[in-house]
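See structure below.
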Amino acid sequence: MNEELAIQANDLTRKFGDFAAVDQISFEVSQGEIFGFLGANGAGKTTAIRMLIGLLAPTSGKASVAGFDVYTQAEAIKRKIGYMSQKFSLYTDLTVWENIRLYGGIYGLSEDNIKAKAEELLSSLQLESVRDKRIGSLPLGWKQKLAFSVAMLHEPDIVFLDEPTGGVDPITRRQFWEQIYQAAEEGTTVFVTTHYMDEAEYCDRVSIMVDGKIEALDTPAGLRQAYQADDIEDVFIELARGADRAE
Amino acid sequence: MNPISVQNLNKSYGGVEALADISVEVEPNELFGFIGPDGAGKTSLFRILTTLLKPDSGEASVLGLDVVDDYRTIRTKLGYMPGQFALYEDLSVRENMDFFASVFGTTLEANYDLVAPIYSQLERFEDRLAGALSGGMKQKLALSCALIHKPELLVLDEPTTGVDAVSRQEFWQMLQQLKSQGITIIASTPYMDEAEQCDRVALIDNGHILNIDTPEQVARNFDQPLLAIKASSIYELIKKLRSYEWADSVQPFGEYVHYTDKREEPDISKLELYLTEQCGLSEVEIKSIEPDIEDSFMNLMQKEVT
């Protein structure tokens with residue numbers, strides 16, 4: 001086990017019946033790296049993420065996350081990671097403060113620690129004025145920025161972000177990415193999926209999944225060069241057009 | 001007569017203003033886009049236009065008919081694809097098509113030519129339950145069902161949200177094809193880059209229309225010199241640019257950062273010196289560029305706030 005690696009996957013595979021949703025993927029993510037995990041709808045991204053965060057057992061292959069094995073140490077992994085997605089992040093019928101307190105409690109933070117973290121977080125996000133407002137009444141962009149901070153409450157080694165910026169306005173989307181940069185600079189590993197191809201350029205490295213396999217993995221500049229493309233969108237379209245799992 | 005004519009439309013939910021004095025005209029056979037983030041008011045507007053929601057005040061007519069008084073007639077003449085998948089998941093592909101056709105008093109055969117370019121891609125799955133289709137195929141089925149009665153106007157609420165870049169491109173190609181058959185189409189999207197697929201767009205944020213124009217003109221309305229700047233570390237570059245005395249706006253755009261200056265003309269050589277000599281950034285590249293629609297949108301959003 002290499003201590004420097006946040007994520008290590010070797011021939012990781014998940015089958016549903018005969019169908020290999022994830023088909024022998026291998027990759028490594030270094031500590032503090034921003035890793036973009038791209039792929040068309042149905043390419044197997046969600047299945048791969050579910051295996052990495054300890055929610056789904058692989059069919060075969062190996063993977064470790066934060067130094068723990070996905071087969072035998074799934075519970076330990078869950079303590080070391082943060083997770084947010086566009087679809088589910090916070091409880092809409094709880095207030096801002098209640099959400100922070102709930103997640104702090106789930107992650108086992110002490111009452112004092114939760115209080116201190118909450119104040120710090122509300123002030124850095126400028127959300128003090130809405131601390132007693134229900135999440136459901138906040139604009140999407142605020143929610144997503146708060147959800148990210150909540151996913152980082154317990155100072156996880158790795159944070160998994162599943163389409164965190166879908167539907168968010170262009171200014172907030174960029175503020176969100178600055179939060180990501182900051183987290184990475186402080187040493188957190190960021191594993192992120194997105195449908196916005198300009199966001200792929202913000203990652204240190206990017207992988208592109210097609211039909212359950214990783215078809216390309218490199219820095220954005222490396223991918224552009226290898227495919228002689230102007231941007232990652234062109235690379236993505238070139239690769240995903242060849243998909244059999246046509247939509 | 002314009003297929004859509006909206007004057008001073010207002011809609012609030014409780015104290016929350018969803019639409020604030022919206023006015024817009026959509027011309028015959030236009031492919032017209034409403035571009036804006038979630039919560040901008042796109043869905044409220046579309047629900048009013050499709051007669052599913054009453055406005056608080058203002059006027060709106062669709063195909064020459066009033067959205068409040070003539071709602072029954074309007075419903076027979078337009079095709080609507082809501083943002084949430086709204087077909088019957090426990091009916092098969094073919095059963096959904098037959099159901100929607102019969103509701104409108106027609107058959108798949110009678111209007112096959114119109115739906116064929118899209119529906120033909122689904123025909124091998126005619127017996128599959130709609131709930132078991134992939135996201136992209138559900139979207140094609142929903143579009144086929146919205147077209148089955150030969151509507152004069154097609155209303156598509158965020159048809160490409162959560163859809164990957166390839167499927168999004170294909171979807172807009174289908175819309176271009178439908179437009180060429182004479183249908184007027186309005187579509188909403190949070191993806192700024194889809195604006196260029198439209199004849200004209202309305203940029204919408206926070207219940208307000210910020211701008212209505214052709215995509216080219218919307219971009220040109222951005223009235224400051226714009227620089228694209230690159231360096232080995234984007235995050236460092238953003239931070240250093242923000243603390244530069246002449247910096248106005250600093251926004252990451254893919255591998256570049258878009259920068260505007262507080263002065264009429266930015267001094268590129270001084271800026272380069274600042275970034276390299278003073279800040280120690282490497283691989284610095286600075287170039288003048290034409291703004292795109294997203295630059296314009298952010299600019300208008302910021303003006304609205306101030």
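In the text below, chain A, chain B and the rest are named by the order of the sequence lines, each starting its count at 1.
Atom-to-atom distance recorded for B/Tyr235:OH and A/Trp177:CH2 is 13.0 Å, nearest 0.5 angstrom. Rounded to the nearest 0.5 angstrom, A/Thr172 OG1 and B/Met301 CE are separated by 5.5 Å. Here CD of B/Glu255 is found 10.5 Å from OH of A/Tyr202. Values are rounded to the nearest 0.5 Å.
Counting heavy-atom pairs under 4.5 Å between each of A/Asp169, A/Asp231, A/Asp198 and chain B puts A/Asp169 at the top. Counting heavy-atom pairs under 4.5 Å between each of B/Met192, B/Arg168, B/Gln169 and chain A puts B/Gln169 at the top. In terms of heavy-atom pairs under 4.5 angstrom with chain B, the leader among A/Met197, A/Gln175, A/Glu185 is A/Glu185.
For B/Phe253, the parts lying near chain A are the backbone and the side chain together; criterion is any non-hydrogen pair under 4.5 Å. For B/Lys239, the part lying near chain A is the side chain, with the backbone staying farther off; criterion is any non-hydrogen pair under 4.5 Å. With a threshold of 4.5 angstrom between heavy atoms, B/Asn206 does not approach chain A through any atom at all. With a threshold of 4.5 angstrom between heavy atoms, A/Ile237 approaches chain B through its backbone and through its side chain. Interface residue A/Glu233: only side-chain heavy atoms are found under 4.5 Å from chain B. Proximity to chain B involves both the backbone and the side chain of A/Gln182, based on heavy atoms less than 4.5 angstrom apart. Within the 4.5 angstrom heavy-atom criterion, atoms from both the backbone and the side chain of A/Pro170 approach chain B.
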Problem set entry | Verdict with reasoning, A/Tyr181 to B/Ile238, per side chain to side chain contact (heavy atoms under 4.5 Å, CB included) | CA-CA 10 Å; A/Tyr181 279 131; B/Ile238 292 169; 4.1 Å; yes
For this session: Go through B/Glu170 and A/Arg241 one step at a time and tell me if the salt bridge (charged side-chain N to carboxylate O under 4.0 Å, His left out) criterion holds.
Result: CA-CA 10 Å; B/Glu170 286 174 357; A/Arg241 276 227 187 284; 3.6 Å; yes
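Counting non-hydrogen atoms of other residues, nucleotides and ligands closer than 6.0 Å to CD of A/Glu128 gives a total above 12. The neighbour count for B/Glu123 CD, taken as heavy atoms of other residues, nucleotides or ligands under 6.0 Å away, is above 12. Atom CD of B/Gln176 is surrounded by more than 12 heavy atoms from other residues, nucleotides or ligands within 6.0 Å. Residue B/Asp127 places its CG atom among 12 or fewer non-hydrogen atoms of other residues, nucleotides or ligands, all under 6.0 Å distant. With a 6.0 Å radius and a threshold of 12 heavy atoms from other residues, nucleotides or ligands, A/Arg224 has its CZ atom above the threshold.
Summarising the geometry of A/Gly166 relative to B/Asp38, their closest heavy-atom pair is O-OD2, 4.3 Å, with the distance given to 0.1 Å. B/Pro190 and A/Gly167 get closest at one heavy-atom pair: CB-CA, 3.9 Å.
Judged by distance alone, the side chain of A/Arg174 and the main-chain N or O of B/Gln251 form no donor-acceptor pair under 3.5 Å. In this structure a side-chain-to-backbone donor-acceptor pair under 3.5 Å is present from B/Asp164 to A/Asn41.
B/Arg242 and A/Glu178 are joined by a salt bridge, as a carboxylate oxygen and a charged side-chain nitrogen come within less than 4.0 angstrom of each other. Salt-bridge annotation for B/Glu294 and A/Arg173: present, with a side-chain N of the basic residue lying under 4.0 Å from a carboxylate O of the acidic one.
Taking the ring centroids of B/Tyr191 and A/Tyr196, they lie under the 6.0 Å cut-off.
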